[in-house]
Structure formats: C-alpha cells, structure tokens
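Since the structure comes first, as structure tokens, the remarks are kept for the end.
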Amino acid sequence: MTPFRFLHTSDLHLGKRFGQMSEETRGDLQQARQQILGRLVEVARANDAQHVLIAGDMFDTQTPSERLWRQALASMGAAPDLQWWIIPGNHDSAAAETLWAGMAAHASDNTHLLMQPAPVLMAQGVHLLPAPCLHRFAGRDLTAWMDGCETPEGDLRIGLAHGGVLEFGSDEAGSEVISPKRAEMARLDYLALGDWHGAFSLGARSRYSGTPETDRFKHAGRGQCLLVEINPGAEQPVVTPVETGSYHWQELTLQLTPASDVSALLKDILPTERADWPQHLIRIRAGGWITAPQRLRLQRAVAEVAPEFCFCALDEADLRSEHQVADLDLIATTGALRAAAEELMHSAEDSALAQGDREIASAALNRLFAYAQELSPVEYAQPEGAP
C-alpha cells in the first residue's frame, strides 16, 4: 500500500461574529474565515493530499444562515478532486437537525457528513472512525466505541473526534473527556482531534490541528492545518504544520518604569515589517510603574499607530502610576482644579484606603491630567535623557 496523505483541520467557526471588535475589524476577520476553505484547497493540492478531515465546529453556531452554509458547500464542491470528511462539533452539533438536513440535501458527492459513530471506507485499505457530537454536551467519551470497532487486518485506522482531554488543565476528568490514550487503545494509526484552537500534540499519533484562521490572542500567530502522511509499516505518521491563516494574532509585553522611554520601547516591540501591519492583531499588555506624562505619551503613541493594524489595543490593567507634584503643575497651579488634583493624589497614595479605592483615585488623576493636556497642551522642559 502506498503512503496515505491528508489534511487535518478543525474549528473553522464559519460565521463567528467577533462582537468585541470594531465593525471594520469584524468584517475583515469574517471575510478571512469565509475564504479559509479555498486556502485549504490550495494547500491540499500543493501537497498532493486528496482528503480533508474537519474535526468539528465547522460553524460557530447551530443556526448559521443558509447563505453561509450553502457557500461553504459550494467551495468544497468546486474542488471535485478532493474528498471532505466532516463531523459535527459541540458548536454545531448533530442536534441542529435543520442545518445538517439542509447540508445533506445540497452537498456534492465529494462532501461526506459523518453523523453516526460507524466506520467509513475513505479509500482502499483506509477506514475512518468518526465520533460526531450528537449534542452540545456529550456527557461521555464519544471515542470509546473505537476500541471495539474491527477493521481488516493491516488496513489503516484513522479516528476523527471533537472534544477535550484531561491534560488541558483539570486533574479531574469528566465522563465526556476524551481519553489521551485513545489512539493506543483503539489501535489507531492517527487520531484527528478538534476543539482546541491551537495546535497541540498528545503524542505521535494524536493531534489537535488548531483552527486554520486564528480567532483569539490565547493562540498566537497565524492559523494552520496539519499535513499528515501515514506510511504502512511505519511506527508513526509524519505530521507537518502548514500555515493557512491570513491574520497574525499576538500579545506584546511592555514593562515600564519612570525612567523608560515609552515611545522607543513601544517601537521596539512592534512587528518589524510595517507593510504587514494590516494583517496583524496586537494587544499590548503594559506593566510596571510610570508617571502621568509617560502614560499620556504611551496612549498617544499607541493611538498614532493603531489605525495601521487590523486591531491594536493597549491593556493598562497591570500598569501603575507614580504621581509627582510636578505633574500637578501641568494640570493647574492654583484654584479648584489644583485642589482636586491634590486630593486625588493624596487618596492614591493613602495606605489607609483600600487598594481598590486608591486605584480609582489614581485612574481619576490620570484622566484629569490627560483632560488638562487636551485642553491646554503644555511643552515642558525635562532633564536631558528623560523619557
């Protein structure tokens, strides 16, 4: 038997809304997801893979629009040289009967909707063992049936499933957690898993592909799929990650002190190729201690570059302020405004107050400083070398 090659992908989440993003960014990200099937076609053809396995959550909800799922079917049907093997995940479980009935009625011959846990002959000598999510919450390990499934001696066995495993955090597995030893117990040559949006390996024969188009900062970088080649007689498959995503997601860390040149440090951590910025989503996590003028410069520096990115945000949750008397002079030297600023500074530094109250006072003083600078920008002298 010749080597068997296929693509493993999952968690396309077509129709994802990205409600936390601006309207423009939402449109960009949604369009990229719509185009992912076409990119998978390109990757499969470029690598001589005739099969694409989708390990659940092709759609973000159980009620995608007919336009959305019809266009997805059309994209797959337009590549008749490829065979698509799809199971429902927890987001688009088989309980969504209207969705899957409509899909079945319009699917091309090369698009296989696997709605039951039963072996399917993918190719001569190659058996696919699917574990579709029949409901959003399975309540049991849906791959358990694979252990007792018999196939001809010497034929390849490939599992396809969607769900979590014990190793992802909790020490107490629930009944629906997939056994991390399923590939060994079920004598699988490969177990293609979905649900985890980043690539993850449980072993040589069990992998999470991750989403082909990244959708959160938790999983940095661009999305990918896995090119899998199984050579009969080999101890383990050859698995090669292939980048497929259009957008690069990344969290950047900025650790600051009152001596920091905030603008220079920001410039240092931004992606080097400015022409690529429109394809980047970045969240800048600032931490440490800075003065009010520094904070304002940082906010303005981020605001200056942000429009060049698909998404750019500054997270100041871990950034504390060091308030100085000289900063108050930049708000007001006399009068009610000065008195208010002094009171806020006193509260921000009063150890007798609760931490939350001190943080509120500090934030209010920072806002007052920024407001005063917007009303009456002041050019003020600084010591040589100061940030």
Side-chain angles (χ1 to χ4, degrees), residues 4-14 36-45 47-59 62 64 66 68-134 142-143 145-146 149 151-152 155-163 186 188-195 207 209 211-212 225-230 237:
F4 186 70
R5 185 177 296 179
F6 59 92
L7 293 188
H8 166 201
T9 189
S10 71
D11 298 281
L12 280 66
H13 284 270
L14 301 179
I36 195 61
L37 289 168
R39 292 198 293 278
L40 290 170
V41 170
E42 293 172 0
V43 171
R45 287 172 173 168
N47 291 278
D48 196 27
Q50 298 179 347
H51 299 264
V52 181
L53 276 59
I54 300 180
D57 282 358
M58 182 169 182
F59 301 101
Q62 297 193 93
E66 181 176 0
L68 184 69
W69 60 258
R70 287 285 293 271
Q71 289 184 4
L73 287 175
S75 295
M76 294 183 287
D81 52 322
L82 302 180
Q83 299 295 313
W84 302 81
W85 306 88
I86 305 166
I87 60 169
N90 62 310
H91 277 255
D92 55 5
S93 75
E97 296 179 359
T98 301
L99 167 62
W100 293 104
M103 292 269 287
H106 292 87
S108 301
D109 291 341
N110 69 332
T111 303
H112 310 277
L113 309 179
L114 308 172
M115 309 303 291
Q116 298 297 327
V120 177
L121 188 65
M122 291 180 66
Q124 186 64 37
V126 182
H127 301 268
L128 182 63
L129 281 61
C133 292
L134 303 182
L142 297 175
T143 66
W145 75 275
M146 299 178 185
C149 178
T151 55
D155 283 5
L156 297 181
R157 294 163 61 89
I158 300 173
L160 183 62
H162 187 92
L188 300 176
D189 294 282
Y190 185 79
L191 176 57
L193 293 168
D195 186 46
R207 302 279 187 122
S209 64
T211 177
C225 67
L226 299 178
L227 174 65
V228 183
E229 180 175 288
I230 303 176

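Note that the structure is predicted; figures quoted are calculated from it, not measured. Starting from 1, each residue takes its place in the sequence as its number. Below, all heavy atoms of this structure are taken into account, side chains as well, without hydrogens, waters or symmetry copies.
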Q. Do side-chain atoms of Arg157 reach the backbone of Met146 as a donor and acceptor pair under 3.5 angstrom?
A.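 It does hold such a pair.
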
Q.
Donor-acceptor check, side chain of Trp100 to backbone of Ser93, threshold 3.5 angstrom: yes or no?
A.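 Yes, because the side chain of Trp100 sits within donor-acceptor range (under 3.5 Å) of the backbone of Ser93.
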
Distance-minimising heavy-atom pair for [X] and [Y]:
X	Y	answer
Asn110	Gly77	OD1-CA, 3.8 Å
Val43	Asn47	O-ND2, 2.8 Å
Thr211	Asp11	OG1-O, 2.8 Å
Asp92	Pro88	O-CB, 3.3 Å
Gln116	Pro130	O-CG, 3.6 Å
Ser10	Pro212	O-CD, 3.1 Å

Q) salt bridge (charged side-chain N to carboxylate O under 4.0 Å, His left out) with Asp48: which residues, sequence neighbours excluded? A)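 If we apply the salt bridge (charged side-chain N to carboxylate O under 4.0 Å, His left out) test to Asp48, skipping adjacent residues, there are no hits.
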
[X] side, atom [atom1]; [Y] side, atom [atom2] - distance, nearest 0.5 Å:
X	Y	atom1	atom2	answer
Ile87	Leu113	CD1	CG	11.5 Å
Leu227	Leu7	CG	CG	6.0 Å
Thr151	His127	OG1	NE2	5.0 Å
Met122	Leu128	CE	CG	5.5 Å
Leu99	Gln62	CG	CD	8.0 Å
Leu14	Leu68	CG	CG	5.5 Å

Using a 3.5 Å cut-off and no angle test, enumerate the donor-acceptor pairs between side-chain atoms of residues 49-59 and protein atoms at least two apart in sequence or in another chain.
{"unit_1": "His51", "atom_1": "ND1", "unit_2": "Trp85", "atom_2": "NE1", "d": "3.0"}
{"unit_1": "Asp57", "atom_1": "OD1", "unit_2": "Asn90", "atom_2": "N", "d": "3.2"}
{"unit_1": "Asp57", "atom_1": "OD1", "unit_2": "His91", "atom_2": "N", "d": "2.8"}
{"unit_1": "Asp57", "atom_1": "OD2", "unit_2": "His13", "atom_2": "NE2", "d": "3.4"}
{"unit_1": "Asp57", "atom_1": "OD2", "unit_2": "His162", "atom_2": "NE2", "d": "3.2"}

Q. So Trp84 and Val41, side chain to side chain contact (heavy atoms under 4.5 Å, CB included) or not? Walk me through it.
A. CA-CA 10 Å; Trp84 302 81; Val41 170; 3.6 Å; yes

Is there a side-chain contact between [X] and [Y], using heavy atoms and a 4.5 Å cut-off?
X	Y	result
Val126	Phe6	no
Pro119	Trp145	yes
Leu114	Pro132	no

Q.
So for atom CG, which belongs to Asp109, do other residues, nucleotides or ligands contribute more than 12 heavy atoms lying within a distance under 6.0 Å?
A.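 No - once you tally the heavy atoms of other residues, nucleotides and ligands closer than 6.0 Å, there are 12 at most.
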
Q | Worked check of side chain to side chain contact (heavy atoms under 4.5 Å, CB included) between Leu142 and Leu134 | A | CA-CA 9 Å; Leu142 297 175; Leu134 303 182; 5.6 Å; no

Got a list of side-chain donor-acceptor pairs under 3.5 Å for residues 101-108, not counting sequence neighbours?
{"unit_1": "His106", "atom_1": "ND1", "unit_2": "Gly102", "atom_2": "O", "d": "3.0"}
{"unit_1": "His106", "atom_1": "NE2", "unit_2": "Arg70", "atom_2": "NH1", "d": "3.3"}

